[in-house]
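This is a predicted model, so every value here is computed, not measured.
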Amino acid sequence: MSTVKIARRFASLQPSSMIKIFQAASAVEGLINLSFGEPDFHTEPEIVDAAAKAAREGCTHYPPLQGFEDLRKEIAAYWKRHHGLETDPADILLTVGGLQAPHLCFQAMLNPGDEVLVAEPCFSAYFQQVENNGGVVAPVPSREENGFFPTAEDYAQAVTPRTKILVVNSPCNPTGGVLTMEQALEIADVAVRHDLFVISDEIYEAFIYSGKHIPLSSLPGMKERTMTVGGFSKSHCMTGWRIGYAMGPAELLKVMTTLSVSQTFGVNTLAQKGGAFALATQDEKVKARTAEFEKRVRYCAGRLNAMPGVSCPEAKGAFYLFPDISGTGMTDEEFAWWLLEAGKVAVIPGTAFGASGAGHIRIACTLSMEDLGKAMDRMEEALKKRG
Ligand code: PMP
């Protein structure tokens, strides 16, 4: 008998199918890895310099719990400049990665058994965060013909008297979908009608290739019921710095801040200084990288559509493609494992993001055009060989 007695609720905790692919992929020699949801670009050297300068000047003490005020002002200015959103810097809380923001929100709001509508396919961390905080996940399925976002009817069917929060992510990981104004208004209508709070994960806001980014909190009746998740990981290639933020009602942020005291006690000071510099100086570089990602997703979608059994809609945002591979006769799980073996290319099975992802795979276009070209060649060859 082990002396380590894991809590009953985690006794059957297993790595997700995404983690299993990551692990298997790391052992494949010569692999081209299209499974990682992070930009391949390093953080710009001047951002690193700004953080290093702050360190040398003694910015090495505990941070203010809510985050430095100058950074919160930069975040508010960034959203005003790019998306026309008015935010009071007092309504912003810095978090450890964007990832900590929904976790703290669930922790602050969920009573045991409260239900959370999660539009899927989605970033699967939400599922675990809801469960870890005593909530019950109510996945809301979607269909490809609706750009992989649930419709008003889909939400209406999933709402119960226990529903408290609705989670949606646009631009979307894993589908590359971007909410239209009509879809965004439908979500607002569902939220207002059923008195739901909304977590709107907008971490990919910088990457839009068609349509427009609509901050859900900017819609009528939404500001007081929305927490927006934002970050630096994707837009400013700062995944390793572990910094992000929540924008939302002050009364919620206050509780989230108090909860964070016993967990993280604020966010790394140097990451905050680097982040403030990044928001103030990098708009042109963000734009250039967005154009590069657009080139990549368009190229890969074109290549994928020429492959037997594969059909790939254009990505509207983020840097993912979510092709339908059901025409190959394989399930998404089978396909991902087969491709790892037969083509030495790693992708993620669609069902890792929820049941609606069945028959699809997620391809992260986070490698150079040259490597993406090689990956597409390998995939095409492997499929042709299979016949
Ligand atoms: N939301 C979504 C939709 C994501 O894809 C990710 C990262 N893959 C995050 C949040 C978390 O990002 P961060 O690195 O800022 O914690």
Side-chain angles (χ1 to χ4, degrees), residues 37-39 41-82 85-109 125 129 132-133 199 201-203 205-206 217 227-283 285-286:
E38 74 166 338
F41 303 103
H42 293 319
T43 306
E44 290 292 338
E46 61 260 37
I47 300 176
V48 177
D49 288 344
K53 180 166 175 280
R56 270 188 233 100
E57 288 169 356
C59 183
T60 54
H61 300 270
Y62 281 123
L65 291 175
Q66 198 181 342
F68 286 118
E69 193 181 2
D70 63 333
L71 173 54
R72 288 187 282 113
K73 282 185 179 157
E74 286 294 353
I75 294 169
Y78 177 91
W79 281 80
K80 171 81 182 146
R81 192 160 78 239
H82 291 279
L85 186 73
E86 296 287 349
T87 310
D88 186 335
D91 296 341
I92 298 174
L93 167 66
L94 271 296
T95 53
V96 179
L99 197 55
Q100 195 195 12
H103 165 72
L104 285 173
C105 181
F106 293 135
Q107 200 174 19
M109 289 189 64
Q129 288 187 342
N132 289 352
N133 287 297
I199 296 179
D201 185 339
E202 302 181 14
I203 202 155
E205 49 71 35
S217 69
M227 186 192 80
T228 306
V229 179
F232 302 81
S233 286
K234 319 290 174 176
S235 54
H236 294 83
C237 307
M238 293 175 68
T239 45
W241 298 62
R242 308 311 303 129
I243 179 170
Y245 50 90
M247 300 191 286
E251 59 182 321
L252 169 66
L253 297 192
K254 211 166 123 192
V255 179
M256 287 168 58
T257 306
T258 306
L259 287 167
S260 76
V261 168
S262 61
Q263 301 174 16
T264 47
F265 207 87
V267 174
N268 181 305
T269 50
L270 306 182
Q272 292 197 52
K273 291 301 176 190
F277 178 86
L279 291 183
T281 61
Q282 302 286 304
D283 283 4
K285 297 222 165 107
V286 174

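- Heavy atoms from other residues, nucleotides or ligands lying under 6.0 Å from CD of E69 number 12 at most.
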Audit row: V96, Q263, side chain to side chain contact (heavy atoms under 4.5 Å, CB included) steps and yes/no: CA-CA 10 Å; V96 179; Q263 301 174 16; over 6 Å; no

L71 vs L279, side chain to side chain contact (heavy atoms under 4.5 Å, CB included): CA-CA, chis, key distance, verdict: CA-CA 8 Å; L71 173 54; L279 291 183; 4.3 Å; yes

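- In this structure, the side chains of M227 and L252 come closer than 4.5 Å at one or more pairs of heavy atoms.
- Distance alone, capped at 3.5 Å, places no donor-acceptor pair between the T60 side chain and the A55 backbone.
- E38 and T239 form a side-chain donor-acceptor contact under 3.5 Å, judged by distance and modelled atom types alone.
- Annotation: side-chain hydrogen bond (donor to acceptor under 3.5 Å, both in side chains) contacts of E205 (sequence neighbours excluded): Y78, H83.
- Under 4.0 Å is where a charged nitrogen must lie from a carboxylate oxygen, and between R72 and D91 no such pair does.
- Within the model, atoms OG1 of T228 and CD1 of I199 stand 10.5 Å from one another, a figure rounded to the nearest 0.5 Å.
- When every heavy atom of E74 is checked against every heavy atom of A276, the shortest pair comes out as CG-O, 3.9 Å.
- Nearest heavy atom pair, residue S217 against residue L85, reads OG-CD1, 3.4 Å.
- Here C237 contributes atom SG and H42 contributes atom NE2; the two are 10.5 Å apart, rounded to the nearest 0.5 Å.
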Intermediate values then yes/no, side chain to side chain contact (heavy atoms under 4.5 Å, CB included), M256 and M109: CA-CA 9 Å; M256 287 168 58; M109 289 189 64; over 6 Å; no

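- For the residue pair P102 and V229, the shortest heavy atom distance occurs at CD-CG2, 4.0 Å.
- At least one side-chain heavy atom of F265 sits under 4.5 Å from a side-chain heavy atom of L65.
- Considering only heavy atoms from C-beta on, N132 stays 4.5 Å or farther from Q107 through its side chain.
- Between atom NE2 of residue H103 and atom OG1 of residue T95 there is a gap of 11.0 Å, rounded to the nearest 0.5 Å.
- T87 OG1 to I92 CD1: the interatomic distance, rounded to the nearest 0.5 Å, is 5.5 Å.
- Side-chain atoms of K273 and F68, non-hydrogen and from C-beta on, do get closer than 4.5 Å to each other.
- Taking all atoms of both residues into account, the shortest heavy-atom contact from L253 to A90 is CD1-O, 4.4 Å.
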Salt bridge (charged side-chain N to carboxylate O under 4.0 Å, His left out) evaluation trace for E46 with K53: CA-CA 10 Å; E46 61 260 37; K53 180 166 175 280; over 6 Å; no

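- No side-chain heavy atom of Y245 sits less than 4.5 Å from a side-chain heavy atom of L93.
- Contact of the N268 side chain with the P63 side chain is not registered, since no non-hydrogen atoms from C-beta on lie closer than 4.5 Å.
- For F106 against N133, the heavy-atom pair with the smallest separation is CB-ND2, 3.8 Å.
- Looking at every heavy atom in both residues, A278 comes nearest to M238 through CB-SD, 4.2 Å.
- Residues T264 and Q100 bring a donor and an acceptor atom of their side chains to less than 3.5 Å of each other.
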Pair Q129-L99, side chain to side chain contact (heavy atoms under 4.5 Å, CB included): steps then yes or no: CA-CA 10 Å; Q129 288 187 342; L99 197 55; 3.8 Å; yes

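- With hydrogens and angles disregarded, no donor-acceptor distance shorter than 3.5 Å links the side chain of D49 to the backbone of A51.
- Counting heavy atoms from C-beta outward, Q272 and L94 have side chains that approach closer than 4.5 Å.
- Within the model, atoms OG1 of T281 and CD1 of I47 stand 6.0 Å from one another, a figure rounded to the nearest 0.5 Å.
- Two residues are said to be in side-chain contact when any heavy atoms from C-beta on lie closer than 4.5 Å; T43 and H236 fail this criterion.
- Taking CD of Q282 as the reference point, atom CZ of F277 lies at 6.0 Å (rounded to 0.5 Å).
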